[in-house]
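Quick notes on the structure that follows.
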Amino acid sequence: MPELPEVETTRRGISSYILHHKVHAFKVREPRLRWPVPTALAKILPGQRIDSIKRRAKYLLLGAETGTLIIHLGMSGSLHIVAAKLAPETHDHVDIIMDNGQCLRLRDPRRFGAVLWTTQDPCQHPLLRHIGPEPLTKSFSGNYLYRASRKRRCAIKTLLMNARIVAGVGNIYANEALYHAGIRPGWAAGRLSHQDCGALATAVKSTLKQAIRAGGTTLKDFTNSVGQPGYFGQSLQVYGRQDRPCMRCASPIKRKIIAQRASYYCPKCQS
DNA sequence: ATGGGCACCTGGCTGC
DNA sequence: TGCAGCCAGGTGCCCA
């Protein structure tokens, strides 16, 4: 479900319900996520005010008074604001109940997500320390991408999805951005021209911005924090459109596995 | 240092 | 209707 726009949509959606509010209780029904959810949080968090809600790559960072809660939604996670007394459903693993009666509820059927705690600068946490620039900032540019891709022999799509190169570009938006830039996903990264890199950096930014504006992509059942779907799914040009006509030239869209991930491209527009 | 492959886990869909 | 097989938005880790 969640790529960067979905995580950003979630961040914005939950902020007004929990920012500057105190945690009343922290409940874990299923601690077996990607890493065990620290059960000590049930003692640590209550009484602490949430002072900030940030995002770094696809990680949500809830700043409390003595530390930061690091939340990752994995492949299938979602966060919703519900009334604290609403009965949990099957995959509702963690509740953060606020003193205003609202509850931030984590649902994650596949349990690839994570809820961790750090008392250090969260950006220095081992999981975040090596993450590259945020794609929507100036530090991610055509120049940067050109330099970062030199002597790289992996596919450009694989490089785009490498968090050390650029933060938070997942499979859907890597496919979409490459289509918009007219670049084949399987091309060796190191062979892109300076101009290609400029077009690609621009396409990554515009694709992500457009998706955030639309409230994320609805595939299967993604909904935002108050249960509304995202509408970017209607804007997807290539992702999931194997054999269907390219929206620009009508050639059938091709599907190819690159680094174990489904990749889609127009054989004519991306040449 | 880089890149390839695997692992974690459940649910939904397809085809027999 | 049942069941096997395949697929899925992420990413850390191990190995060559």
Side-chain angles (χ1 to χ4, degrees), chain A residues 1-10 29-37 55-60 70-79 89-94 106-116 125-132 135 147-178 185-191 204 207-208 211-212 214-224 229-236 238-243 255-264:
Chain A
M1 236 177 271
E3 285 205 31
L4 187 149
E6 287 72 21
V7 177
E8 180 60 22
T9 298
T10 300
R29 276 176 225 92
E30 172 57 86
R32 293 175 304 166
L33 301 189
R34 179 154 195 186
W35 296 281
V37 179
R55 179 188 59 72
R56 175 77 174 107
K58 292 170 196 160
Y59 292 90
L60 279 171
I70 301 174
I71 299 176
H72 197 286
L73 300 176
M75 291 272 266
S76 60
S78 58
L79 283 168
E89 293 182 33
T90 314
H91 300 291
D92 291 342
H93 305 314
V94 176
L106 174 70
R107 175 175 299 179
D108 187 3
R110 289 173 74 181
R111 291 195 271 123
F112 286 170
V115 176
L116 299 169
H125 188 277
L127 291 175
L128 306 190
R129 198 184 305 163
H130 301 292
I131 291 178
R147 272 182 278 116
S149 58
R150 293 311 90 187
K151 298 187 180 171
R152 290 295 202 123
R153 286 174 305 174
C154 65
I156 182 59
K157 176 164 173 278
T158 309
L159 193 82
L160 266 190
M161 293 176 66
N162 180 343
R164 288 178 177 241
I165 302 295
V166 54
V169 180
N171 200 30
I172 295 181
Y173 299 105
N175 278 298
E176 293 297 308
L178 284 159
W187 275 10
R191 305 189 66 168
V204 166
T207 308
L208 291 175
I212 291 169
T217 301
T218 297
L219 286 180
K220 307 240 168 86
D221 59 352
F222 177 80
T223 55
N224 67 16
Y231 291 98
F232 192 73
Q234 300 163 10
S235 310
L236 295 178
V238 284
Y239 184 83
R241 297 194 67 249
Q242 182 181 17
D243 297 332
R255 180 180 188 271
K256 183 186 178 191
I257 300 294
I258 298 171
Q260 289 96 248
R261 309 304 298 275
S263 309
Y264 302 87

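In the text below, chain A, chain B and the rest are named by the order of the sequence lines, each starting its count at 1. Note: hydrogens, waters and symmetry copies are ignored here, and every other heavy atom, side chains too, is used.
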Sub-3.5 Å donor-acceptor pair from the side chain of A:S76 to the main-chain atoms of A:R110, do we have one? yes
C1' gap between B:dG3 and C:dG9, integer Å: 23 Å
Winner on side-chain proximity to A:P109, out of C:dG9, B:dG4, B:dG11, is B:dG11
Looking for any heavy atom pair under 4.0 Å, which part of the strands does A:R107 touch: base, sugar-phosphate only, or nothing? nothing
On the nucleotide C:dT11, are OP1 or OP2 found under 4.0 Å from the side-chain N or O atoms that A:K58 carries? yes
Between C:dG10 and A:R110, is there an OP1 or OP2 to side-chain N/O distance shorter than 4.0 Å? no
Per A:R152 side chain, nearest of listed nucleotides C:dG12, B:dT2, C:dG10: B:dT2
Looking across every strand, which nucleic acid part, if any, lies under 4.0 Å from A:A259 by heavy atom: base, sugar-phosphate, or nothing? nothing
As an exercise, state the distance from CE of A:M75 to CG of A:N171, rounded to the nearest 0.5 Å. 9.0 Å
What is the base-pairing partner of C:dG9, counting Watson-Crick and G-U wobble geometry with both distances under 3.5 Å? none
For A:R111, report the nucleic acid contact type (base, sugar-phosphate, nothing); a contact means any heavy atom under 4.0 Å. sugar-phosphate
Contact summary for A:Y264 and A:N175, nearest pair of heavy atoms: N-OD1, 2.8 Å
Kindly point out which of C:dG12, C:dT11, C:dG9 is positioned nearest to the side chain of A:E3? C:dG9
Taking the side chain of A:F112 as heavy atoms from C-beta outward, which of B:dC9, B:dT10, C:dG9 is closest to it? B:dC9
Quick one: does A:E30's side chain have a donor or acceptor within less than 3.5 Å of a partner on A:H91's backbone? no
Between C:dG9, C:dG12, B:dT10, which one does the side chain of A:I172 approach most closely? C:dG9
As its Watson-Crick or G-U partner within any shown strand, both distances under 3.5 Å, B:dC9 has none
